[in-house]
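So the structure is just underneath, and the comments pick up after that.
By convention in this document, chain letters (A, B, ...) are assigned in the order of the sequence lines, proteins followed by strands, and residues within each chain are numbered from 1. Because only heavy atoms are used, hydrogens play no part in the values below, and waters and symmetry mates are left out as well, while side chains stay in.
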Amino acid sequence: MKMIVAILQPHRLETVREALASVGVHGMTASEAQGYGRQGGHKEIYRGAEYEIHFVPKVKIEVAVSDNDEDRAVEAIQTAAQTGRIGDGKIFVMDLSRAVRIRTGEVGEEAL
Amino acid sequence: MRITQLAQWVAAIPALLVALTISDQAMAASELNSGDTAWILTATALVLFMTLPGLALFYGGLVRARNVLSVLMHCFAVACLASVAWLLVVYSLAFGDGGAYQPYIGGLGKAFLSGVGPDSMFGTIPESVFFMFQMTFAIITPALIVGAFPERIRFSGVLLFSLLWLVLVYAPAAHWVWGGGWLAEMGVMDFAGGIVVHTTAGISALVLVLVLGPRRGFPKEIRPPHNPGMTVAGACMLWVGWFGFNAGSALAADGSAGMAMLVTHISAAVASLAWAAIEWAKFGKPSVIGIVTGAIAGLASITPASGFVGPLGAVVIGLSAGVICQWFTSWIKLRLKIDDSLDVFAVHGVGGILGTLLAAFFAAKSLGGLGLPEGVTMSDQFVVQLIGVASVAIFSGVVTWIIAKVVAITVGLRVSEEEEIDGLDISGHGERGYDLT
């Protein structure tokens, strides 16, 4: 099993959710996040004054998938989240050692 | 003999009664006007609504999230404090009879409203209504200064500063212009407070932050407005409330009030569009913070001129507000590097001064105004307006500097660096505006 953590542009969340659903991945956790990567934040102007925004608003999603689904899921996220502009985000994949469905006690891929 | 006298008296009674009734009616007709009274009661509520919650939300949205409650608290507490001070002495100092000192300050004869009852009149409205209407101006003026010092001032400093400022700056300035003082005698035109409210608040804001110092990290590391939507909601309430501010200042429900409302609205609309258009051309995007700031600049600018100018004056004053006030926001912050945090001077001070000076021209009948007094030319009036603005500006600046120094060495003006980093909500009031992790 793999845990996919992806940092997205907030407005791509819905597209990514649809893309994952269409490749058979059901279930994810999304949270609002702030961060910066190589672009190092951005600038906003209020009343003529420039403000340096170091931490840009992002959405972080966490998706647990079976080993078989990993490639399809990563590709779906990458395609759906891409705008081609700086700040599109990152995808990280980690090994997942254990999963438990709390309601039934099922473990492993059964629990996903 | 006694009987004859009695008979004469009795015979006179009906005539006396008739005379009394007639004079009663005549007095009622010339004194209390229920239309005027109803409008000023309404306008009073509108002007209080400008501060609570209009100005509080306008300012609250512009600071960072950890200071939002402190700004709401400043506006609210200043409103309460100003009300009590108004009752105790400030109303009397502004509008009471100063006797020998009448040109400079009112007396203490009306302190705690002594001698003022339900039947006391001010023009065609009860004095209680006049007292309340003017009180809402005394509330919003120190509340405007709140925009200069957020995110770093000590709460006790806000209270002491505002109290001293009302007595030592607002009361004399209001007396000079509206209470029959020397500027009123000279014929200065300030319909609703371009000098009394916006010049005093704007100049004092600037001087106070020179004593207080900038926010930590200014100008490089300052955070942008945390909730522009809150600012927009507040600005909209200010706009609507301003109808009471300007049209109420006619102190009557008449054509002057109607025209004041009309020019107020037009000036705000033109200034909003002008501000947004400049941003659009300069930065590529018109911002919502920009358009609502333009509205407030247009409203502040038309304030002194509102009962004197016509639609042409409103358009020109609104346009100048959108252009000149915007230029000053950048100049003060970016060039002079003065952290008048929410641009009180650039928007209110500059706007109020601008409108006061332009009123001299656009009040003239030839420029669509309601007319200058008999025999007064535009340049005569301009000189009077200039004297009015300059004297009140210098007076406000000097006295504010002294008050700020006194507050700094007594209760203290500024919080510690640690309190500033934690934010004034938690460090000053023990509360959080938002449940952030």
Quiz item: With a 4.5 angstrom heavy-atom cut-off, which part of B:L334 approaches chain A: side chain, backbone, both or neither?
Solution: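 When you check distances to chain A, only side chain atoms of B:L334 fall under 4.5 Å.
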Practice problem: Check whether more than 12 heavy atoms from other residues, nucleotides or ligands sit under 6.0 Å from atom CD of A:E18, and answer yes or no. | Solution: yes
Quiz item: Take atom CD in A:E106; do more than 12 heavy atoms of anything else shown fall under 6.0 Å from it?
Solution: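 Above 12, so yes.
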Exercise. With a 4.5 Å cut-off on heavy-atom pairs, point out which of B:R223, B:E221, B:K333 contacts chain A the most.
Key: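 Answer, by heavy-atom pair count under 4.5 Å with chain A: B:R223.
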Quiz prompt | Toward chain A: residues of residues 266-287 of chain B with heavy atoms under 4.5 Å | solution =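 Listed by number, the contacting residues are B:E279, B:F283.
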Quiz item: Applying ring pair (Phe, Tyr, Trp, His ring centres under 6.0 Å), which residue pairs with at least one partner in residues 334-356 of chain B are found, sequence neighbours left out?
Solution: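 For residues 334-356 of chain B: B:H198-B:H348.
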Practice problem: Could you walk me through whether A:D88 and A:R85 pass the salt bridge (charged side-chain N to carboxylate O under 4.0 Å, His left out) test, one step at a time? | Solution: CA-CA 6 Å; A:D88 271 355; A:R85 288 191 295 273; over 6 Å; no
Exercise. Evaluate side chain to side chain donor-acceptor pair (under 3.5 Å) for A:H42 paired with A:Y36, printing each intermediate quantity in order.
Key: CA-CA 9 Å; A:H42 71 179; A:Y36 64 93; over 6 Å; no
Quiz item: Does some side-chain heavy atom of B:H74 sit less than 4.5 Å from a side-chain heavy atom of B:Y59?
Solution: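 They are not in contact (no side-chain heavy atoms under 4.5 Å apart), so the answer is no.
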Exercise. Using a 4.5 Å cut-off on heavy atoms from C-beta on, say whether the side chain of B:V415 contacts that of B:I153.
Key: no
Practice problem: Determine which residues belonging to residues 44-74 of chain A lie within contact range of chain B, meaning some heavy atom pair is under 4.5 Å apart, and list them by number or answer 'none'. | Solution: A:E44, A:I45, A:Y46, A:R47, A:G48, A:A49, A:Y51, A:E52, A:I53
Self-check item: Near-ring test B:H265/B:W242, centroid separation under 6.0 angstrom
Solution: no
Quiz prompt | Geometric class of the B:W327/B:W331 ring pair [parallel <30°, tilted 30-60°, perpendicular >60°] | solution = parallel
Only pairs under 3.5 Å count here: list side-chain donor-acceptor contacts from residues 144-152 of chain B, not counting sequence neighbours, and write none if there are none.
{"residue": "B:E151", "atom": "OE1", "partner": "B:R215", "partner atom": "NH1", "Å": "2.5"}
{"residue": "B:E151", "atom": "OE2", "partner": "B:R64", "partner atom": "N", "Å": "3.0"}
{"residue": "B:E151", "atom": "OE2", "partner": "B:N67", "partner atom": "ND2", "Å": "2.9"}
{"residue": "B:R152", "atom": "NE", "partner": "B:G213", "partner atom": "O", "Å": "2.8"}
{"residue": "B:R152", "atom": "NH1", "partner": "B:P150", "partner atom": "O", "Å": "2.9"}
{"residue": "B:R152", "atom": "NH1", "partner": "B:S341", "partner atom": "OG", "Å": "2.9"}
{"residue": "B:R152", "atom": "NH2", "partner": "B:A148", "partner atom": "O", "Å": "3.2"}
{"residue": "B:R152", "atom": "NH2", "partner": "B:G213", "partner atom": "O", "Å": "3.4"}
{"residue": "B:R152", "atom": "NH2", "partner": "B:D339", "partner atom": "O", "Å": "2.9"}

